[in-house]
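Side-chain atoms are counted along with the backbone in the values below, which use heavy atoms only and exclude waters and symmetry mates. What you are looking at is a predicted structure, and each value in this text was computed from that prediction instead of being measured.
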Amino acid sequence: MLIKIAKPSDLHESDVTPESIYLSRRRFMGGMAGLGAGLALSGHARANADYSDVPESSAPEWLKEKISETQWRAITPSNPEKDKIAPFDDASGYNNFFEFGTDKGDPARHAGSLETQPWSVVVDGEVNNGGRFALEDFAKPTQFEERIYRLRCVEAWSMVIPWLGIPLADVIKRADPTSKAKYVRFETLVDPEQMRGQRSSFSIIDWPYVEGLRLDEAMNPLTLLAMGMYGRELPNQNGAPLRLVVPWKYGFKSIKSIVRISLVEEQPVNSWQQIAAEEYGFYANVNPEVDHPRWSQATERRLPNSLFNTNTIDTQMFNGYADEVAEMYAGLDLRKNY
């Protein structure tokens, strides 16, 4: 496992960050908005992290404050050499975000056009406490957490990325779902003037980009709504200002630039399922035993790599998070429900 979210009964006094370190970290974050030295202070599990290449933040003040008070989780890399955190330039420069183009470099080249302040999120559907919320109000009630997760793309490449955000379960609890709520449906912003991929005549996606989770998946403790990465706000190309992170599923499930979260009774049809249902199912759980119709899923390229070192590793069931999530799929045929 790459991350262990400890039960309260598992926490010990020795796990608590010393006050002097915590206070010095807060002072640093306030002045430098989340660069490497402050992050390095969180201790025992950060030997394989290098934040030296992370640029200064341009986050709004409310987000800087949330980041500065991030709750650090206990991280337990099973293989520190294999699970090294990807350099920031790789994580922010190699992306799939079709709203800005189909090439891996297109999001980094073109997503700067996206205005992410102000931003609001609609929570609706089968809920008692829905509405439209400014992002700062949406985030304010919940403590930020850092989660260092593997990200496995359906295209058989992967990275290890440190995310900052809030558990999706907290948002759903505040929304107070009705008894009819069985699924959670997400939508990305539609704005062709800012998102050049949405105005392309070659686009195969019927905008908005849509994703969905079963309610128990959404409530799983691993499921995160990310508003930051590498100790700073999300870059636009990584889904600013709000994206989903579901680490046991293929990366296309982690929808970016979210503007609507709906609790619904019927299973939503996600965008890639609509385009090619025989290739992309609703669940999209990482499964090395079920190949994509056009390539194997048994191995992956862990990025960064090079011409002389392709860094190919075996793919793990549920991307290595089986202990936390496998029980949700007991009795479900994962070949049919891919």
Side-chain angles (χ1 to χ4, degrees), residues 58-60 63 91-125 132-135 138 151 153-155 157 159 161 163 165 168 183-213 224-229 233-246 249-264 266-282 284 292:
S58 59
L63 183 53
S92 62
Y94 191 89
N95 310 94
N96 284 322
F97 198 173
F98 285 80
E99 283 80 352
F100 295 102
T102 57
D103 185 81
K104 294 294 187 293
D106 283 346
R109 282 191 289 269
H110 304 307
S113 62
L114 179 63
E115 293 290 339
T116 60
Q117 303 173 40
W119 194 272
S120 62
V121 181
V122 173
V123 179
D124 64 3
R132 180 181 294 274
F133 304 93
L135 186 59
F138 180 84
L151 173 68
C153 182
V154 73
E155 299 168 342
W157 56 266
M159 295 189 198
I161 298 175
W163 304 102
L168 175 58
Y183 296 88
V184 185
R185 182 183 183 275
F186 306 86
E187 283 186 15
T188 293
L189 175 71
V190 176
D191 191 334
E193 289 189 7
Q194 296 190 79
M195 295 172 147
R196 59 187 290 151
Q198 291 180 343
R199 61 179 185 262
S200 171
S201 58
F202 298 101
S203 176
I204 60 174
I205 296 174
D206 183 14
W207 311 107
Y209 192 93
V210 172
E211 258 306 336
L213 296 174
L224 191 72
L225 285 173
M227 284 168 259
M229 57 187 281
E233 83 281 8
L234 281 175
N236 285 8
Q237 60 265 32
N238 291 93
L242 180 70
R243 68 169 285 164
L244 182 68
V245 181
V246 196
K249 295 180 178 289
Y250 291 119
F252 69 85
K253 295 294 288 187
S254 293
I255 185 171
K256 302 176 177 74
S257 299
I258 296 169
V259 294
R260 185 179 296 271
I261 300 174
S262 304
L263 279 289
V264 296
E266 301 296 327
Q267 180 176 299
V269 177
N270 63 49
S271 288
W272 284 105
Q273 186 182 14
Q274 185 180 42
I275 294 166
E278 71 283 359
E279 298 186 11
Y280 306 101
F282 173 78
H292 186 279

So does Glu278 have more than 12 non-hydrogen atoms from other groups sitting under 6.0 Å from CD? yes
Take Phe252 and Tyr280 through the test ring pair (Phe, Tyr, Trp, His ring centres under 6.0 Å) and record every step on the way to the result. CA-CA 9 Å; Phe252 69 85; Tyr280 306 101; 5.5 Å; yes
Sidechain-backbone polar pair: Ser113 side chain, Gln194 backbone, donor-acceptor under 3.5 Å: yes
Using every non-hydrogen atom in the two residues, find where Gln198 and Pro192 come nearest and quote the distance to one decimal. OE1-N, 3.4 Å
Glu211/Lys249 salt bridge by N-O under 4.0 Å criterion: no
On the ring face of Phe186, is Lys256 found with NZ or CZ under 6.0 Å from the centre and within 45° of the axis? no
So, do Tyr94 and Met159 sit near enough that their side-chain heavy atoms are less than 4.5 Å apart? yes
Parallel, tilted or perpendicular: which one describes the rings of Phe133 and Phe138, with boundaries at 30° and 60°? tilted
Where the side chain of Ser254 meets the backbone of Leu244, is there a donor-acceptor pair that is under 3.5 Å apart? yes
Answer yes if the side chains of Glu233 and Ser58 hold a donor-acceptor pair under 3.5 Å, and no otherwise. yes
Grab the two heavy atoms, one from Ser271 and one from Val210, that are nearest each other, plus how far apart they are. OG-N, 2.8 Å
With no hydrogens and no angle check, is any side-chain donor or acceptor of Trp207 less than 3.5 Å from a backbone partner on Arg199? no
Give the minimum heavy-atom separation between Pro235 and Met229, together with the two atoms involved. CD-SD, 3.5 Å
State whether the number of non-hydrogen atoms from other residues, nucleotides or ligands found under 6.0 Å of Arg196 atom CZ is greater than 12. no
Short side-chain to backbone donor-acceptor contact, Asn238 and Leu234, under 3.5 Å: no
Intermediate values then yes/no, side-chain hydrogen bond (donor to acceptor under 3.5 Å, both in side chains), Asn95 and Lys104: CA-CA 5 Å; Asn95 310 94; Lys104 294 294 187 293; over 6 Å; no
Considering all heavy atoms, the nearest Gly105-Asp103 contact: N-OD2, 2.9 Å
Donor-acceptor pair, side chain of Ser262 and main chain of Val264, under 3.5 angstrom: no
What class does the angle between the rings of Phe97 and Phe100 fall in, given that below 30° is parallel, 30 to 60° is tilted and above 60° is perpendicular? perpendicular
Kindly give the heavy-atom pair with the smallest separation between Asp106 and Thr102, and that separation in Å. OD2-N, 3.2 Å
